[in-house]
Student: 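Structure provided below as structure tokens; questions to follow.
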Number of protein chains: 2
Amino acid sequence: MTSQPRTLDHPDRSEIRLEDVLHALSDPVRLQIVCFLAAEGESSCSAIDLAVSKSTTTHHFRVLREAGVIRQVYRGTAKMSSLRREDLDALFPGLLDTVVTAHEAQQARTVTV
Amino acid sequence: MTSQPRTLDHPDRSEIRLEDVLHALSDPVRLQIVCFLAAEGESSCSAIDLAVSKSTTTHHFRVLREAGVIRQVYRGTAKMSSLRREDLDALFPGLLDTVVTAHEAQQARTVTV
DNA sequence: GCCGTACTACGAAAGCTATCGTACAAGGGT
DNA sequence: ACCCTTGTACGATAGCTTTCGTAGTACGGC
């Protein structure tokens, strides 16, 4: 019995630090993940098309989870991720929306198709 | 004539990237600087009591400047810094205020005197 | 029981960051 | 002219980050 039903460590709401959240959001790949989750709600790690390898993807999801930005649960072979919107909104009102909006605005400016 | 009247390079508004701004804000020392400037308006580098050495202070101010978060000008022997509020508000509406408010709220929660 | 899918763990490499001390430059006041 | 204050430049160091490949585990379906 080496394995319990596979759970993942998440920081408690009171342990979430603004610096860590901002740091988690300061990487382009992770910003993309967060914006995807903001739009889609919940999704598996593989549902997002990222320009990095599988192991790097795992790494970024972990950074987001350990900073308290997302919650992850196993469901079959998949691992579903979703934003911890309630916790983040309670701790840092408006931050998540502001960042997501800012990122989308920047995308719109930059892509200039 | 090796030295022009001492100017400093600032990124153009269009060059400011959200990732860089978030990264600049993800350090406790820099967050403290930004919140101080948000409260005081303009101030010299030495006016803030930071828990790091002089050279480290210089480093953090430079990171903030190069990310486009602050503007710095020489005035006599002092170097005055101020937030680039107009640029930031135009690019990422609400971000600065949200972060400053979030930091203050976190301080209030954490210090629990 | 076996295979495929989904994800993880580990180890490695390259690069960046935060920190410091020391030595130096620029400017203002006396 | 000299010094004091303010900030910079440089070099060093320790630690973190991003990235990858490879090998492995967990689960569901056949």
Student: Who pairs with B:Arg62 by salt bridge (Lys or Arg N to Asp or Glu O under 4.0 Å), at least two apart in sequence or on another chain?
Tutor: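 So B:Arg62 forms no salt bridge (Lys or Arg N to Asp or Glu O under 4.0 Å) with any residue.
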
Student: Hey, can you pull the residues of residues 43-70 of chain B with a non-hydrogen atom under 4.0 angstrom from DNA chain D?
Tutor: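 Per residue number, the list reads B:Ser44, B:Cys45, B:Ser46, B:Lys54, B:Ser55, B:Thr58.
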
Student: With the threshold set at under 4.0 Å for non-hydrogen atoms, list the residues of residues 16-41 of chain A touching DNA chain D in residue-number order.
Tutor: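 Close to the strand are A:His23, A:Asp27, A:Arg30.
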
Student: Taking atom types as modelled and ignoring hydrogens, do the side chains of B:Gln72 and B:Ser81 form a donor-acceptor contact shorter than 3.5 angstrom?
Tutor: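 There is such a pair between these side chains.
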
Student: Check whether B:Arg65 reaches the backbone of B:Asp9 with its side chain - one donor and one acceptor, N or O, closer than 3.5 Å.
Tutor: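 Yes; at least one donor-acceptor contact below 3.5 Å.
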
Student: Is it the case that the side chains of A:Thr101 and A:Thr98 hold a donor-acceptor pair, with the cut-off being a distance below 3.5 Å and no angle test?
Tutor: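 No, A:Thr101 and A:Thr98 have no side-chain donor paired with an acceptor closer than 3.5 Å.
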
Student: Between B:Thr58 and B:Ser55, is any side-chain donor less than 3.5 angstrom from a side-chain acceptor?
Tutor: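 Not at all, the side chains of B:Thr58 and B:Ser55 share no donor-acceptor pair under 3.5 Å.
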
Student: Could you give the CD-to-P distance, from B:Gln72 to D:dT6, as a whole number of Å?
Tutor: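 One finds 16 Å between P of D:dT6 and CD of B:Gln72, rounded.
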
Student: Is a side-chain donor or acceptor of B:Gln106 paired with a backbone partner of A:Leu18 at a separation under 3.5 angstrom?
Tutor: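 A pair under 3.5 Å: yes.
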
Student: Whole angstroms only, please: what is the CG-C1' distance between A:Leu8 and C:dA9?
Tutor: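 The answer, rounded to whole Å, is 14 Å.
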
Student: Please check if A:Tyr74 and A:Met80 belong to a single hydrophobic cluster, counting links between Ile, Leu, Val, Met, Phe, Trp and Tyr side chain heavy atoms closer than 4.5 Å.
Tutor: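 Different hydrophobic clusters.
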
Student: Taking the side chain as everything from C-beta on, heavy atoms only, tell me whether A:Val63 gets closer than 4.5 Å to A:His59.
Tutor: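 In short, these two side chains touch, coming nearer than 4.5 Å.
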
